[in-house]
Every structure is written in structure tokens, then in C-alpha cells.
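Everything quoted here is computed from the prediction, not taken from an experiment. Counting starts at 1 for both ligands and their atoms, in listed order.
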Amino acid sequence: MTASERHAKGSRMRIAMIGTGYVGLVTGTCLAEVGNDVVCVDVDPERIATLRGSKVPFFEPRLEGMVTRNVAGGRLSFSEELGPAVRASEVIFLAVGTPSGPTGEADISQVLAAGLQVAEAADGPKVLATKSTVPVGTGDRLDELVRGATSERIDVVSNPEFLKEGNAVEDFMKPDRVVIGTDSTEARELMSDLYAPFMRTSDRAMFMDRRSAELVKYAANGLLATKISFMNEVANICEAVGADVAKVREAVGADPRIGSKFLFPGPGFGGSCFPKDVAAMAHTAREVGEPFRILEAVGEVNRAQKLRIVAKIVRRFGEDLSDHHFAVWGLAFKPGTDDVREAPALTIIQGLLDRGASVSAHDPEAMRTAAAVLGAGVHMAPTAYDACQGADALIVVTEWNQYRTPDLERIKGLLRTPVVFDGRNLYRPGRLAALGMEHYPVGRPSTKLE
Ligand code: NAD
């Protein structure tokens, strides 16, 4: 069936997803959920074996049930073999990693290698859509690469992904926008059909040239990261002048041109996207001779912000922390995920360990992933309260719901000294002081008991 015939019929598609991480698995499963036939491919045999048992190798709300349902329905399968998956599919997505290189550039070697494998396996016309976040011009490089490897027609399309870990299924099923970069009419029709079931209330597909589509993703993440770093610096000024960032945030966010979202100060942003995408866009900008001074600063501000809580702890307890023990609540880079990539908690814990302290940590989902990075030197506590036992202070790093209204009196009883470093402003100033506890929030007045 040609793309135009399919367009007229609007029938299901056969899809291969190359890379079955957060993005690939969510995308593949959601595409199967609306009736398509999807095979998810990964080079990691352990991952494929786990998925074949209908187990999701990471925590993402709603995903496991959806995987189970679609596997049972015969629409979703998993494979280590790329060739057969490509030959059986009309659309092949690349959802492999694009980690940071040594000078902040995005390392696109996995994308190019997978793209080449797809071209070598192709036995007919295909659409090759890049979901991975890649620098401008990667689509052109892929295009050249596949043309050199096959005489089959392969339309290389940019289709960046905007899902948020912790809400990924919802984000994919109800996207704010779907960005599609291509100048091929057939590829445009096919991608438009593919996404139609996700946009029944209104069409949010945005078509553009490939280079613009590639840039959208970096510009969006760059702007979001800028908002966070901006408010973190406002919070730091609030601390210096005795203002309250919570009040400032509310009033600033009331302006609809600014908006109230993403204005919460904290211990800096982490995750697999913002830090690397900010660095990659700044790198691209330097390369093309248009230095992105704001983004360079955003990265720098964020690195400093992650260490700020450690500096406060040192001011309170001294540089040598070898006789000290701390409780850390929250290891994931944000609530709703077990992802600890670039998580502020890791930097903070390392800062404490470097000064000789010992640490007990708790997280509802991320203790396994964090332990894999931190090693056995950090005690993972079975409950949040267990982590506080005998600690000199509690440090709250990730704003999981269960940390919002804890039994503060119980915490006071468990701690050796009643001190809370509140990295997410979860507790009202005055509330802890009333209980005889010291409180160090972000950008709000601290209460130190003398
Ligand atoms: P990930 O590291 O979780 O998953 C990538 C997967 O690709 C791994 O399982 C790896 O084994 C597999 N892989 C690598 N080479 C392969 C090959 N040749 N064939 C088959 N599988 C291969 O990565 P992720 O978090 O899903 O991110 C993927 C891309 O999407 C990145 O470019 C990222 O920047 C972007 N992105 C991520 C998010 C997010 O929230 N995680 C959101 C939007 C965009």
C-alpha cells in the first residue's frame, strides 16, 4: 500500500522502535495502544528479556499495565534483532541515547549507527523518524548516510519528543504539540495519519523543515531550564536581602506573559535532558559563531545551585563532617520517576561524603537506581523515618508527595539535632520553629535556634 492509499484508508501501521528506553518504550507502547503493530528493538538483551516478561525496567506510572495489555493484544513485541523489525515496518523510529560529549556536544554516534543499520536492512521504502534529541543538521547527516547505504527510498524525518518522565504516558497520549520536520509529502501524510488518534479534539501537528524541528526541542528545553536557573538566582538574592521567594514567585507568575509554572526554586535541575540539552545547544551556538551567552550561564548557575545546600550545611556544621550523619529524602531528579541521571541529590550526597559524613537516604522509587551509582557507602533506609534516625539534619531534595506533610514531631524525636534543610520549600516557615526545629528553606527566611 502506498502512503497515499493508506492516507485515504487511515489504517493501522507497522512500526519499529529502535531503542527501548524511556522514550522508545513509551512511544512504542502508546502507538500500539491506538491499534498499530509495534516491535521495540534494543541492543540490551537483559532489557528485552525483562520486557518480554511484561515487566518495565524502570518506574513510569501507567506504563506497565499498558505494556501488558498491548503485548496480550498482539500489537506490541520486543526483539534484539533490528533487521527483521525494519523489514516488517513502514515507519522506523530512532529513540537511542544522545549523551553529552566531553565539551558538551551531543554524542550522536548511536543515532548514526542505528540509522545505518536501518538503511542496510531496508527492503523497500521507509520513513525513518528521529525521536532522539539531536543537534541541527543531524537529519542531513543521516540522510546522506542512508543514501550511501541503500538504493531504497528512505525519508528521514525529525520528530522530537516532549514527554516528561513521571507523566510520560499522559504526555504522549495528549500531546501539547507534535513537531514534524520533513519536506516529503508522503512522509508528511504518513506521520499525520500516525498521530491523528492522539489529536482528536484539535490538530496540534506542526509541520516544518527538518532543521527547524531539530532546533525546537533544544529551544524549548533551553527556555525551561532558563526559567529554573533564573528563579534559583532570584531565590539566592532573596536569602541575601531577607525577602521571601514564595511571595515573589506568586506575584511574578501572576503575569500571564510569564506564567506561574516552572518558577519554583530548588536544588538545581537534573535529569537526562535539561543538563545535556543546555550544554549541547550552547555547544552548537559556539560552533556556528553565535555564542548563546544566556544558556552558558544557565548551565553554570545550575552547577553552582546543586552545591548550595552543601555550602549551607558546611556553614551550620563546619567543613569537617566526619562525625556527622545526614538523612536525605529524595534521590530521583524529580518525583514520579526512578531516574537519577544528573540528580541534585547525587551531587549533594557526594559533597557530604567528600567531607567525611555518613548518609542514610530514602526515595519511594529511586533507591535501586541511586545505589547503582552511589555504591554501598550510602545506607538506603526502608522508610523515610528510618533515614532520620540519629541524623544531624534532614535534607529534603525531591518533592515526592509523601514528604509534604510528614509527622514533624516524630522527625524531631528521631534526629540528633532538629535541623531541616528544605531544598524544595515544602514546609511553612514558622511551622518548624514552633516545634523547636531549625529550618533552612530556599530563598525564604531561615530559622536558626540559638
Ligand atoms: P535511554 O538511555 O533510556 O534509552 C536508549 C536505549 O537505546 C537504551 O536502552 C539502549 O540500549 C538503546 N540502544 C542504543 N543503541 C541502540 C541500537 N543501535 N539499537 C537498538 N537499541 C539501541 O534514553 P531515553 O531517556 O529514552 O532518551 C532517548 C533519546 O530521547 C535521547 O536523545 C533523549 O535526549 C531524548 N529524550 C528523552 C526524554 C526523557 O525524558 N528521557 C524526553 C525527550 C527526549
Side-chain angles (χ1 to χ4, degrees), residues 16-30 39-51 56-61 63 78-86 89 92-101 104-121 128-135 138-139 142 145 158-172 175-179 213-214 216-218 220-222 224-225 269-281 332-334 336-343 369:
M17 186 65 55
I18 314 300
T20 310
Y22 282 88
V23 169
L25 185 58
V26 172
T27 305
T29 307
C30 292
V39 51
C40 290
V41 179
D42 206 288
V43 286
D44 180 348
E46 211 179 303
R47 175 157 288 216
I48 293 299
T50 307
L51 286 163
V56 171
F58 47 84
F59 175 73
E60 182 59 46
L63 187 57
F78 301 98
S79 175
E80 285 170 58
E81 287 186 71
L82 181 140
V86 167
S89 304
I92 296 107
F93 282 97
L94 297 181
V96 297
T98 48
S100 264
E105 77 279 13
D107 173 354
I108 57 166
S109 55
Q110 291 180 40
V111 172
L112 297 179
L116 184 60
Q117 281 179 283
V118 169
E120 286 170 349
L128 179 59
T130 307
K131 273 255 159 259
S132 303
T133 303
V134 292
T138 303
L142 261 179
L145 197 69
S158 167
N159 176 216
E161 183 49 55
F162 299 94
L163 62 78
K164 302 183 287 297
E165 286 176 24
N167 199 49
V169 170
E170 180 81 1
D171 287 343
F172 196 91
D176 300 328
R177 76 293 212 193
V178 170
V179 170
E214 288 168 338
V216 169
K217 175 70 190 175
Y218 283 109
N221 274 359
L224 290 169
F269 56 78
S272 68
C273 292
F274 285 178
K276 96 174 159 60
D277 293 351
V278 164
M281 188 159 190
F333 82 94
K334 66 173 180 181
T337 180
D338 62 356
D339 198 341
V340 297
R341 290 180 279 186
E342 304 278 334
T369 45

(message) Heavy-atom distances under 4.0 Å decide this one: backbone, side chain, both or neither, for S132 against ligand 1?
(response) both

(request) Any atoms of ligand 1 less than 4.0 Å from a non-hydrogen atom of K276? List them with their elements. (result) 33 (C), 34 (O)

(message) Heavy atom to atom 43 (C) of ligand 1, shortest distance: which of K164, K131, E161, E81 holds it?
(response) E161

(message) Please state which option from T98, V41, V23 has its nearest heavy atom closest to atom 32 (O) of ligand 1.
(response) T98

(message) Show the atoms of ligand 1 that are less than 4.0 angstrom away from any heavy atom in A95.
(response) 5 (C), 28 (C)

(message) With heavy-atom distances below 4.5 Å as the criterion, would you say the side chains of D339 and T369 are in contact?
(response) no

(message) When you measure from the heavy atoms of R341 to every atom of ligand 1, does any distance fall below 4.0 Å?
(response) yes

(request) From the options D277, D171, D42, select the one whose nearest heavy atom is closest to atom 6 (C) of ligand 1. (result) D42

(request) Check whether any heavy atom of A113 sits under 4.0 Å from an atom of ligand 1. (result) no

(message) Quick test of your reading of the structure: of T133, L82, L163, whose heavy atom lies closest to atom 42 (C) of ligand 1?
(response) L163

(request) Measure from the side-chain N and O atoms of E80 to the backbone N and O of V43, and report whether any donor-acceptor pair falls under 3.5 Å. (result) no

(request) Would you tell me which option among D44, L25, V96 has the nearest heavy-atom contact to atom 15 (N) of ligand 1? (result) V96

